[in-house]
Amino acid sequence: MTSPSDLEQLAEIELQKDEEEEDDDDDDVTDGPSVPPISRSGADSSHPYYDVARHGIIQVSGDDRYGRKLIIFSSCCLPPSHQLNHRRLLEYLKFTLDQYVEMDYILVYFHHGLRSSNKPSLKWLREAYAEFDRKYKKNMKTLYVVHPTNFIRIVWNIFKPLISHKFGKKLTYVNYLTELREHLNYEQLIIPPDVLRHDEKLRAAQRGGGGAPPSLKTPPPRPPLPTQQFGVSLQYIREKNRQQMIPPVIRHTVSYLKQRGLRTEGIFRRSARVQLIKDVQRLYNLGKPVNFDDYHDVHVPAVILKTFLREMPEPLLTFTVYSQVQDLLTVETSLRVSRCKQMMESLPEHHFIVAKYLLSFLHTVSQQSLVNKMSASNLACVFGVNLVWPLHGSISLTDLTPINIFTEILVEHFPAVFGSRCPPAQVDP
């Protein structure tokens, strides 16, 4: 039987092999960290963990298709070990996760770029695992390890005695980036350039070996069904639903949750079974009736509502508002409600009507926060990235702060923000 010390030595040997192979493939490889795409790390120098955050090692990249937060760890962004306090790295990871562990989340680990020069010690990994108590592990639904090598598999064997069977089942190996498309909103991922280049090399090598590489190209979209609800514009849904201003999915889920979900603790923070969500989406898209009582889970309509918003081709609050939201931190605190009101009143009428309907409901949810634990701040963390996102690129960890502040204001100060504009076609929830 192989001892832990032998496995550790074997892991080091495998890591050195990985480095040698990469050096043979790429003469330009250095020991320095990768630059996060378009400098998206952009951490403010006043950040309590600026010394770590500035490297872009950890990013929060919106939600997956079922409303679960995506948290990304990129090894290629790790600087040489002597330039980074790994204890601080662990604290920063916990600091980031603490904002989301009360809801379901996904962890994506990009392994490429881990080298002897920047690798945290196995002792550090053991301490990290020991410090991540049940609250961190319970709501992590999947750990995607992208571009695994023999080093990863050996390290996994070292940790097997410490890891519960239930946690072990959450591990998913991903050999090519294209495989992530099956599970995540690929366009939302913040993928370092080094990882993209490495993936292309792996795919090119597979082509050279005669195998058919997975394609990163998205197949051309099919024309939507006349009854389509997900992934189509508000205008399309309105035209196909007798000019109804509120999309059926929003109307049904809000109505059901007002009756059955207002007092549910953690409503909107929990996920539901993926296949269930797909089944409900299919029913809606085929124009068939959906009875949420059949699913015996109030979290199903909650996830469906978030999924509908996230799959809109343009965010409910429009691409135009996104840049204005990012500037919100420059506005004096006492003037932010007024600024948010101006932004909302600048929306096209149909978007405003649907936004007012939805935010009125979320304001009602927040009024029950003593019971459901969903304050305006908590709702902002869940809904912010589903209401507004950029036309190009992804939402970084730094971008989240103004988005969450903006959404919290919309929920908490709903009467002040939405009260003065009342279009003739306005509908109340």
Side-chain angles (χ1 to χ4, degrees), residues 62-67 185 187-188 224 228-241 243-255 257-258 268 281 284-285 301-326 328 339-366 376 379-392 394-395 399-400 402-414 417-418 421-423 425-429:
D63 293 359
D64 75 351
R65 291 178 179 172
Y66 306 101
N185 187 340
E187 284 67 30
Q188 281 195 359
Q228 189 90 16
Q229 301 296 314
F230 290 83
V232 292
S233 68
L234 286 181
Q235 182 182 356
Y236 184 89
I237 296 172
R238 181 183 178 185
E239 288 172 355
K240 303 296 182 183
N241 287 271
Q243 299 300 311
Q244 291 182 30
M245 297 301 290
I246 308 301
V249 173
I250 293 182
R251 193 174 69 251
H252 295 164
T253 52
V254 165
S255 174
L257 291 167
K258 278 193 77 172
F268 295 118
Q281 284 184 277
Y284 270 120
N285 285 336
V303 173
I304 285 291
L305 175 58
K306 291 187 295 181
T307 304
F308 175 84
L309 294 168
R310 191 165 46 254
E311 294 191 2
M312 292 175 67
E314 179 178 22
L316 178 59
L317 302 185
T318 73
F319 292 122
T320 305
V321 163
Y322 182 80
S323 59
Q324 299 173 34
V325 171
Q326 289 304 308
L328 191 61
R339 183 71 190 99
C340 290
K341 180 183 178 185
Q342 291 171 5
M343 284 190 259
M344 292 300 94
E345 292 185 347
S346 71
L347 289 175
E349 183 172 288
H350 193 184
H351 283 258
F352 178 85
I353 288 171
V354 177
K356 186 172 181 178
Y357 181 94
L358 176 66
L359 269 300
S360 173
F361 166 64
L362 295 182
H363 179 68
T364 301
V365 173
S366 72
L379 287 167
C381 287
V382 174
F383 275 92
V385 293
N386 297 316
L387 293 175
V388 63
W389 58 83
L391 178 58
H392 301 293
S394 307
I395 296 174
D399 298 335
L400 278 175
I403 291 173
N404 289 347
I405 290 172
F406 165 70
T407 310
E408 182 177 353
I409 290 171
L410 299 189
V411 175
E412 185 173 350
H413 300 280
F414 170 80
V417 173
F418 289 91
R421 184 178 174 187
C422 297
Q426 185 64 56
V427 180
D428 294 325

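Index from 1, following the sequence. Hydrogens, waters and symmetry mates are skipped; everything else that's a heavy atom, side chains included, is used.
Using a distance-only test at 3.5 Å, with no hydrogens or angles considered, no donor-acceptor pair links the side chain of S255 to the main chain of H252. H363 places no side-chain N or O within 3.5 Å of a backbone atom of H413 that could act as its donor or acceptor partner. Remark: side-chain polar atoms of E408 are not paired, donor with acceptor, to backbone N or O of A376 under 3.5 angstrom. Here the side chain of N285 pairs no donor or acceptor atom with the backbone of Q228 at under 3.5 angstrom. A donor-acceptor pair is defined here as one N or O able to donate and one able to accept, closer than 3.5 Å; such a pair exists between the side chain of H351 and the backbone of L316. Using a distance-only test at 3.5 Å, with no hydrogens or angles considered, no donor-acceptor pair links the side chain of Q326 to the main chain of P402. Counting only distance, with no hydrogens or angles, the side chain of N241 and the backbone of P247 share no donor-acceptor pair below 3.5 Å. A donor-acceptor distance shorter than 3.5 angstrom exists from the side chain of T364 to the backbone of S360, with no hydrogens or angles considered.
Contact check for L328 versus M343: side-chain heavy atoms found under the 4.5 Å cut-off. The shortest side-chain heavy-atom distance between F230 and I304 falls under the 4.5 Å cut-off. S366 is not listed as a side-chain neighbour of E412, based on a closest heavy-atom distance of 4.5 Å or more. No side-chain heavy atom of L347 sits less than 4.5 Å from a side-chain heavy atom of I353. V411 places none of its side-chain heavy atoms less than 4.5 Å from the side chain of F383. Between L309 and L387 there is a side-chain heavy-atom pair separated by less than 4.5 Å. L305 has its side chain out of reach of V249: every pair of non-hydrogen atoms, C-beta onward, lies at least 4.5 Å apart.
The SG atom of C340 lies 4.0 Å from the CD1 atom of I409; values are rounded to the nearest 0.5 Å. Note that the CD1 atom of I403 and the OH atom of Y322 stand 4.5 Å from one another [nearest 0.5 Å]. How far OG1 of T307 is from OH of Y284: 11.5 Å, rounded to the nearest 0.5 Å. One distance of note links CD of Q426 with NZ of K356; it measures 4.5 Å at 0.5 Å rounding. One distance of note links CZ of F406 with CZ of R339; it measures 9.5 Å at 0.5 Å rounding. With rounding to the nearest 0.5 Å, the separation of CD1 in I237 from NE2 in H350 is 8.0 Å.
Residue pairs that meet the salt bridge (Lys or Arg N to Asp or Glu O under 4.0 Å) test with at least one member in residues 340-355, sequence neighbours left out, do not exist here.
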List the steps, then state whether side-chain contact (heavy atoms from CB on, under 4.5 Å) holds for T253 with F361.
CA-CA 11 Å; T253 52; F361 166 64; over 6 Å; no
Test side-chain contact (heavy atoms from CB on, under 4.5 Å) applied to L362 and T407, step by step:
CA-CA 10 Å; L362 295 182; T407 310; 5.9 Å; no
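Heavy-atom contacts from other residues, nucleotides or ligands closer than 6.0 Å to CD of Q244 number more than 12.
In summary, the side chains of Q324 and Q342 do not present any donor paired with an acceptor at a separation below 3.5 Å, with no hydrogens or angles considered.
Residues passing the side chain to side chain donor-acceptor pair (under 3.5 Å) test with R421: none are found, sequence neighbours excluded.
Of all non-hydrogen atoms in R310 and W389, the two that sit nearest each other are O-CH2, 3.8 Å. The heavy-atom pair separating A355 from L317 by the smallest distance is CB-CD2, 3.7 Å.
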